[in-house]
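Every heavy atom of this structure was used, including side-chain atoms; hydrogens, water molecules and symmetry mates were not. Just so we're clear, the structure is a prediction, and the values are computed from it rather than from any experiment.
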Amino acid sequence: MSPNNFTHVAFTAGSLDRYLIRTSIFEAIKSSLINFKGNLLHVGCGKMPYKNVILKNSSVEKYIGLDIESAIQYDAKVKPDFTWDGIKMSFDDASFDFTFATVVLEYCPEPEIILNEIYRVMKHDGCFFFTVPFLWNLHEVPHDDTEKS
């Protein structure tokens with residue numbers, strides 16, 4: 001599994017806010033790869049930091065990255081496969097065997113909209129892997145709106 005700066009955060013005083021969270025999420029993904037299969041939808045994909053690991057170490061046949069049209073541009077070279085308006089995904093019902101969203105739902109003012117769309121596009125025997133922060137006061141600073149509350 002080849003490292004990248006997103007999944008392998010250096011343990012330094014300046015990275016403590018990201019180190020534990022990203023390392024934990026990456027370890028959870030690696031330990032769950034046996035469940036990743038078929039057509040996969042990565043909701044809120046950003047730079048798709050897990051794509052290569054998932055494709056090389058799971059039964060995923062097709063990896064689709066989806067992000068909001070107005071998402072932060074993390075890398076000019078990496079674009080999502082599809083964008084959406086945050087209301088309706090442009091996929092048919094029951095299109096995906098596996099969906100995942102890490103560090104996404106906490107940004108959604110109405111997460112039930114996203115969850116309903118994920119449910120709609122996921123096959124009935126599909127699997128949904130997601131994370132939300134428990135105690136993570138700030139992340140993606142200065143773009144984190146929670147600091148204004």
Side-chain angles (χ1 to χ4, degrees), residues 1-9 18 20-149:
M1 295 185 189
S2 61
N4 65 45
N5 291 336
F6 190 91
T7 57
H8 289 76
V9 179
R18 295 177 310 280
L20 182 60
I21 301 301
R22 288 190 186 167
T23 301
S24 298
I25 291 170
F26 189 46
E27 289 303 316
I29 288 170
K30 289 191 303 185
S31 69
S32 301
L33 285 171
I34 192 161
N35 300 308
F36 287 49
K37 63 181 181 179
N39 292 332
L40 177 146
L41 177 64
H42 183 176
V43 179
C45 66
K47 290 171 51 169
M48 296 184 262
Y50 311 109
K51 182 176 182 177
N52 290 335
V53 169
I54 290 169
L55 287 173
K56 289 179 184 174
N57 299 285
S58 73
S59 298
V60 168
E61 297 164 13
K62 189 173 185 179
Y63 186 110
I64 302 293
L66 174 72
D67 217 326
I68 197 89
E69 293 166 348
S70 59
I72 299 166
Q73 184 176 346
Y74 294 102
D75 187 331
K77 298 176 195 165
V78 180
K79 304 282 186 208
D81 300 303
F82 292 89
T83 58
W84 72 307
D85 61 5
I87 305 294
K88 177 88 169 152
M89 294 178 187
S90 62
F91 305 112
D92 293 334
D93 293 357
S95 297
F96 296 96
D97 302 285
F98 197 93
T99 57
F100 83 108
T102 59
V103 193
V104 172
L105 295 173
E106 67 273 16
Y107 284 107
C108 305
E110 297 179 76
E112 64 275 11
I113 293 172
I114 285 84
L115 293 171
N116 282 331
E117 272 302 279
I118 289 170
Y119 182 75
R120 182 185 67 77
V121 302
M122 192 169 59
K123 293 181 180 176
H124 296 292
D125 62 346
C127 185
F128 177 41
F129 179 101
F130 69 99
T131 67
V132 291
F134 172 63
L135 295 174
W136 193 6
N137 293 337
L138 301 176
H139 65 286
E140 299 297 340
V141 174
H143 306 288
D144 191 325
D145 289 335
T146 59
E147 65 187 274
K148 296 174 187 169
S149 6

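Among all heavy-atom pairs drawn from I54 and I29, the shortest one is CG1-CG2, 4.3 Å. Taking all atoms of both residues into account, the shortest heavy-atom contact from L105 to P111 is O-CB, 4.2 Å.
For the atom pair CD (E61) and CZ (F36), the distance works out to 15.0 Å, reported to the nearest 0.5 Å. The structure places CD1 of I114 at 12.5 Å from OG1 of T99, a figure rounded to the nearest 0.5 Å. In this structure, NE2 in H42 is found 8.5 Å from CE in M48, a value given to the nearest 0.5 Å. Atom OG1 in T131 sits 11.5 Å away from atom CZ in R22 (nearest 0.5 Å). Rounded to the nearest 0.5 Å, atoms OG (S90) and CG (D85) are 9.0 Å apart. Here the straight-line distance linking atom OG of S95 with atom NZ of K123 works out to 8.0 Å at 0.5 Å rounding.
For the pair N35/F129, no side-chain contact is recorded, criterion being any heavy-atom separation below 4.5 Å from C-beta on. In this structure, L41 and F82 have side chains that are not in contact, with every pair of non-hydrogen atoms separated by 4.5 Å or more. The side-chain heavy atoms of F130 and V43, taken from C-beta on, include no pair separated by under 4.5 Å. Between V53 and L33 there is a side-chain heavy-atom pair separated by less than 4.5 Å.
When atom types are taken as modelled, the side chain of S58 and the backbone of K37 share no donor-acceptor pair closer than 3.5 angstrom. In this structure, D81 contributes its side chain and G65 its backbone to a donor-acceptor pair below 3.5 Å. The closest donor-acceptor contact from the side chain of R120 to the backbone of M89 lies under 3.5 Å.
Ring planes of F100 and F98: tilted class, angle from 30 to 60°. Classification of the Y50-F26 ring pair by plane angle, with boundaries at 30° and 60°, yields parallel.
The number of heavy-atom neighbours closer than 6.0 Å to CZ of F91, taken from other residues, nucleotides and ligands shown, is above 12.
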